[in-house]
Amino acid sequence: MTVPGGPADVCAVVLAAGEGTRLRPLTERVPKALCPVGNVSLLDRALARLAGLGLTGPDRVAVNACYLADQVVGHVGDRAYLSVEPGDPLGTAGGVANLRDWIAGRPVLVGNADAYLADTAAPPGPDVATMLADWDGRCVRLLGQPAADPTAPGTFAGHCFTGFSLLPWRLVRDLPVVFSDLVRAVWRPAEAAGALQVVPYPGTFYDTGTPADYLTANLHAAAGGTLVDRSATVTGRCRESVVGPGARVYGDVCRTVVWPGATVHPGERLHDAIRSTDGGTVRVTAHG
């Protein structure tokens, strides 16, 4: 995949350094990027989407890590180049800036590991291929969906950001390696200069940032039914739920996510809940 009018290959960065504070206590022992959705970690979903675009391996894909970085590093292995940020996370722009030498003159497709995307009409990769189609190599592109309130703060051309942006090298080259975000460092300045384009995403998007959205994404991945890993044991009642590898469900679960290796004991009833591997339970209210 090349930039129109230029020889440089597009590379990709998956942002996976954040703590996921809004998902606590789920993220007390597991980084947000490794939380499972439909029994597949969010990070693996992002890497699969890039692979669907032909972007694979440490020469073409980088992953940054900071919070519980050892888990992210061990999970990624040699599938991508790893950028471990010491101390606190550098933010979305700082994380990209920290990869400047690896990016090395190439345009970069930046994806948030915590973005859940699903399109019934196209598999991962082809579903976001319009991000790269007919790109002029100079403007900033954002993947987006129409906002309920097109004038609300945080929108771009009446759209909400849905997890992926495409940046030309000239805007990456001078980013400082300090805590900063892409919104203020790159996107808004490009918008003010008339150099920002929003590419509509026709599928489903959740940012999985809250327990409510995380649960909803899992239920979407289960397609309204029950998704049970083959290695799980289920002897209780299980409806509209996701049950992970090695999990044991002896009680009653409905609209519930049971993490790998977790147990729902006999007599327990979980509804609109997440049972983590360490036995903790997060119950989801109507308002998240």
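These numbers come from the heavy atoms of this one structure, side chains and all, not from hydrogens, waters or symmetry mates.
Residues Pro36 and Pro260 meet the side-chain proximity criterion, which asks for heavy atoms closer than 4.5 Å. Side-chain contact between Leu23 and Thr210: absent, with no pair of heavy atoms (C-beta onward) separated by less than 4.5 Å. Residues Thr256 and Asp272 have side chains not in contact (no heavy-atom distance under 4.5 Å, counting atoms from C-beta outward). Looking at Thr21 and Thr27, their side chains never come closer than 4.5 Å, going by heavy atoms from C-beta outward. Side chains of Phe161 and Val183 form no contact here, defined as non-hydrogen atoms less than 4.5 Å apart. Residues Asn98 and Val96 form no side-chain contact, since every pair of their non-hydrogen atoms from C-beta on lies 4.5 Å or further apart. Using a 4.5 Å heavy-atom threshold, the side chains of Tyr201 and Asp127 count as touching. Side-chain contact between Asp119 and Thr204 is absent, with no heavy atoms from C-beta onward closer than 4.5 Å.
Arg141 forms no cation-pi arrangement with Phe164, by the criterion of a distance under 6.0 Å to the ring centre and an angle within 45° of the ring axis.
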Val249 vs Thr235, side chain to side chain contact (heavy atoms under 4.5 Å, CB included): CA-CA, chis, key distance, verdict: CA-CA 6 Å; Val249 177; Thr235 60; over 6 Å; no
Thr56 and Arg79: CA distance, side-chain angles, deciding distance, side chain to side chain contact (heavy atoms under 4.5 Å, CB included) verdict: CA-CA 7 Å; Thr56 60; Arg79 292 184 292 165; over 6 Å; no
Residue pair Leu109, Met131: steps toward the side chain to side chain contact (heavy atoms under 4.5 Å, CB included) verdict: CA-CA 9 Å; Leu109 181 64; Met131 285 287 288; 4.0 Å; yes
Phe156 vs Arg188, side chain to side chain contact (heavy atoms under 4.5 Å, CB included): CA-CA, chis, key distance, verdict: CA-CA 9 Å; Phe156 298 87; Arg188 290 302 184 194; 3.3 Å; yes
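His75 and Asp44 share a side-chain donor-acceptor pair at under 3.5 Å. Between Tyr116 and Asn218, the side chains place no donor N or O within less than 3.5 Å of an acceptor N or O (distance only, hydrogens not considered). Donor-acceptor pairing under 3.5 Å is recorded for the side chains of Arg248 and Thr263.
Comment: Arg106 does not engage Asp9 in a salt bridge, judged by the lack of any side-chain N to carboxylate O separation of less than 4.0 angstrom. No salt bridge links Lys32 with Asp207; every basic N to acidic carboxylate O contact stays at or beyond 4.0 Å. Of the charged side-chain nitrogens involved, at least one lies within less than 4.0 Å of a carboxylate oxygen, so that Asp278 and Arg29 count as a salt-bridged pair.
Going from atom SG of Cys160 over to atom CZ of Phe205 covers 8.5 Å, rounded to the nearest 0.5 Å. In this structure, the separation between SG on Cys11 and CZ on Arg60 is 8.0 Å, given to the nearest 0.5 Å. To the nearest 0.5 Å, the span separating CG on Asp88 from SG on Cys66 amounts to 6.5 Å. Rounded to the nearest 0.5 Å, atoms OH (Tyr214) and CD1 (Ile274) are 6.5 Å apart. One finds the NE2 atom of His271 at 6.5 Å from the CZ atom of Arg255 (value rounded to the nearest 0.5 Å). The OG atom of Ser165 sits 5.5 Å away from the CG atom of Leu182 when rounded to the nearest 0.5 Å.
Val253 and Val284 fall into different hydrophobic clusters, where Ile, Leu, Val, Met, Phe, Trp and Tyr residues are linked whenever their side-chain heavy atoms come under 4.5 Å apart, directly or through other members. A continuous path of ILVMFWY side-chain contacts below 4.5 Å connects Leu15 to Ile103, so both sit in one hydrophobic cluster. The hydrophobic cluster containing Val61 also contains Leu143, counting ILVMFWY residues as joined when their side-chain heavy atoms lie under 4.5 angstrom apart, directly or transitively. Linking ILVMFWY residues whenever their side-chain heavy atoms come closer than 4.5 Å, directly or via other members, leaves Val258 and Val37 in distinct clusters. A continuous path of hydrophobic side-chain contacts links Val234 to Leu270 [ILVMFWY only; heavy atoms under 4.5 Å].
No more than 12 heavy atoms of other residues, nucleotides or ligands shown are found within 6.0 angstrom of CG on Asp78. Annotation: Arg170, atom CZ; neighbour count of heavy atoms from other residues, nucleotides and ligands within 6.0 Å is above 12. In the displayed structure, Arg138 atom CZ is contacted under 6.0 Å by at most 12 heavy atoms of other residues, nucleotides or ligands. More than 12 heavy-atom neighbours from other residues, nucleotides or ligands sit within 6.0 angstrom of CZ on Arg24.
Residue Val177 belongs to a hydrophobic cluster whose other members are Leu90, with links defined by side-chain heavy atoms closer than 4.5 Å.
In terms of heavy-atom proximity, Ser231 sits nearest to Pro245 at OG-CA, 3.2 Å. Nearest heavy atom pair, residue Asp252 against residue Arg239, reads OD1-NH2, 3.2 Å. The shortest heavy-atom contact between Val30 and Cys35 is CG1-N, 4.2 Å. Of all the heavy atoms in Gly125 and Leu53, the pair that sits closest is O-CD2, 3.2 Å. Shown here for Ala69 and Val84, the closest heavy-atom pair between the two residues is CB-CG1, 4.0 Å. Shortest non-hydrogen contact noted between Val14 and Ala46 is CG1-CB, 4.0 Å.
No donor-acceptor pair closer than 3.5 Å links the side chain of Asn112 to the backbone N or O of Ala115. Within the 3.5 Å criterion, the main-chain N or O of Ala16 finds a donor-acceptor partner in the side chain of Asn64. Glu268 places a side-chain N or O within donor-acceptor distance of the main-chain N or O of His265, the cut-off being under 3.5 Å. A donor-acceptor pair is defined here as one N or O able to donate and one able to accept, closer than 3.5 Å; such a pair exists between the side chain of Thr226 and the backbone of Glu240. A donor-acceptor pair is defined here as one N or O able to donate and one able to accept, closer than 3.5 Å; no such pair exists between the side chain of Glu19 and the backbone of Leu68. A donor-acceptor pair under 3.5 Å links the side-chain atoms of Trp102 to the main chain of Pro58, judged by distance alone. A donor-acceptor pair under 3.5 Å links the side-chain atoms of Thr155 to the main chain of Ala152, judged by distance alone.
Leu167 pairs in a side chain to side chain contact (heavy atoms under 4.5 Å, CB included) with only one of the listed residues (Leu142, Val13, Leu175, Val108), which is Val108.
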